[in-house]
Visitor: 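Questions regarding the structure given below will be posed in turn.
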Amino acid sequence: MPNTTYTISQLAEEFGVTTRTIRFYEEKGLVHPRREGQKRLYSPADRVRIKLILRGKRIGMSLEESVEVIDMYDPEHNNREQLQSLVCTVEDKRARLLQQKKDIEDMLAGLDEVQALCEQNLAEQGLVEKSLAEKSRAEKSVAERVRKQS
DNA sequence: CTTCTTACA
DNA sequence: TGTAAGGA
């Protein structure tokens, strides 16, 4: 297995963020890259964490929320009680995300309606412009005849 | 040239 | 988070 590592700049480029952002996450305790002297070396696991953090960020989660979700991946305590508690937390998070998902779908549906109305309106305007053009053409030919007669 | 820390906006 | 400074 290739024990790949990444430099901060590699990850920054891959995820479209600045190195400052990644260091900032470390400052917040979201990632713990190992060091090679002063240089930070990120493991594939670190990379995944950053990916999850950015994903959470995209859907409006705070860094803190993302950490909570990420922490659910590795149960630090394996006794029944704590595992059952984790299951509840997971179910709770799942419910919230599903609600968010539904809200987004409803909003998208709303956008579909708005867009349809806009396009319909534009189509009608197109017809108006067309008839206007014809009207203009007709008037022009009339004016032409009048001019010739005079 | 890249990365790091620190500090301020 | 961006940016700037100053060192490695």
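Please read these numbers as outputs of a predicted model, since none were measured by experiment. Note on naming: letters A, B, ... go to the chains in the order of the sequence lines (proteins, then strands), and numbering restarts at 1 for each one.
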Visitor: Round to a whole Å and report the spacing from CD of A:Glu26 to C1' of B:dT6.
Guide: 15 Å

Visitor: In whole Å, I'd like the distance from the CG atom of A:Leu11 to the C1' atom of B:dT3.
Guide: 14 Å

Visitor: A:Gln10 or A:Glu27: which one's nearest nucleotide on DNA chain B is closer to the 5' end?
Guide: A:Gln10

Visitor: Once you round it to whole Å, what is the distance between C1' of B:dC4 and CD1 of A:Ile22?
Guide: 14 Å

Visitor: Nearest heavy atom decides the nucleotide; on that basis, is A:Lys39 or A:Leu54 closer to the 5' end of DNA chain C?
Guide: A:Leu54

Visitor: Less than 4.0 angstrom between a side-chain N/O of A:Thr7 and OP1 or OP2 of B:dT2, yes or no?
Guide: no

Visitor: Base, sugar-phosphate alone, or nothing: which one does A:Lys28 contact when heavy atoms must sit under 4.0 Å apart?
Guide: nothing

Visitor: Can a donor-acceptor pair be found between the side chains of A:Arg47 and A:Ser43 at a distance below 3.5 Å?
Guide: no

Visitor: Across all strands, who's sitting opposite C:dA8 as a Watson-Crick or G-U wobble pair, both distances under 3.5 Å?
Guide: B:dT2

Visitor: For B:dT3, does OP1 or OP2 lie under 4.0 Å from any side-chain N or O of A:Ser9?
Guide: yes

Visitor: Verify, without hydrogens or angle tests, whether A:Glu68 (side chain) and A:Leu63 (backbone) share a donor-acceptor contact under 3.5 angstrom.
Guide: no

Visitor: Using a heavy-atom cut-off of under 4.0 Å over every strand shown, decide if A:Thr18 touches base, sugar-phosphate, or nothing.
Guide: sugar-phosphate

Visitor: Please classify the nucleic acid contact of A:Arg23 as base, sugar-phosphate, or nothing, using heavy-atom distances under 4.0 Å.
Guide: base

Visitor: Hydrophobic clustering (ILVMFWY, side-chain heavy atoms < 4.5 Å, transitive) - are A:Tyr73 and A:Val67 grouped together?
Guide: yes

Visitor: From the options B:dC8, B:dT3, B:dT5, select the nucleotide whose nearest atom is closest to the side chain of A:Arg20.
Guide: B:dC8

Visitor: Compute whether any side-chain donor of one residue and acceptor of the other, for A:Asn78 and A:Gln82, lie under 3.5 angstrom apart.
Guide: no

Visitor: Figure out the CZ/P separation between A:Phe24 and C:dT3, and round it to whole Å.
Guide: 15 Å

Visitor: Return the value, rounded to whole Å, for the distance between atom CZ of A:Arg35 and atom C1' of B:dT2.
Guide: 14 Å

Visitor: Between A:Arg35 and A:Glu26 (salt bridge meaning N to carboxylate O under 4.0 Å), is one present in this structure?
Guide: yes

Visitor: Given atom OH of A:Tyr25 and atom C1' of C:dT1, what is their separation to the nearest angstrom?
Guide: 9 Å

Visitor: A:Gln38 has a side chain; which of B:dT5, B:dT3, B:dA7 sits nearest to it?
Guide: B:dT5

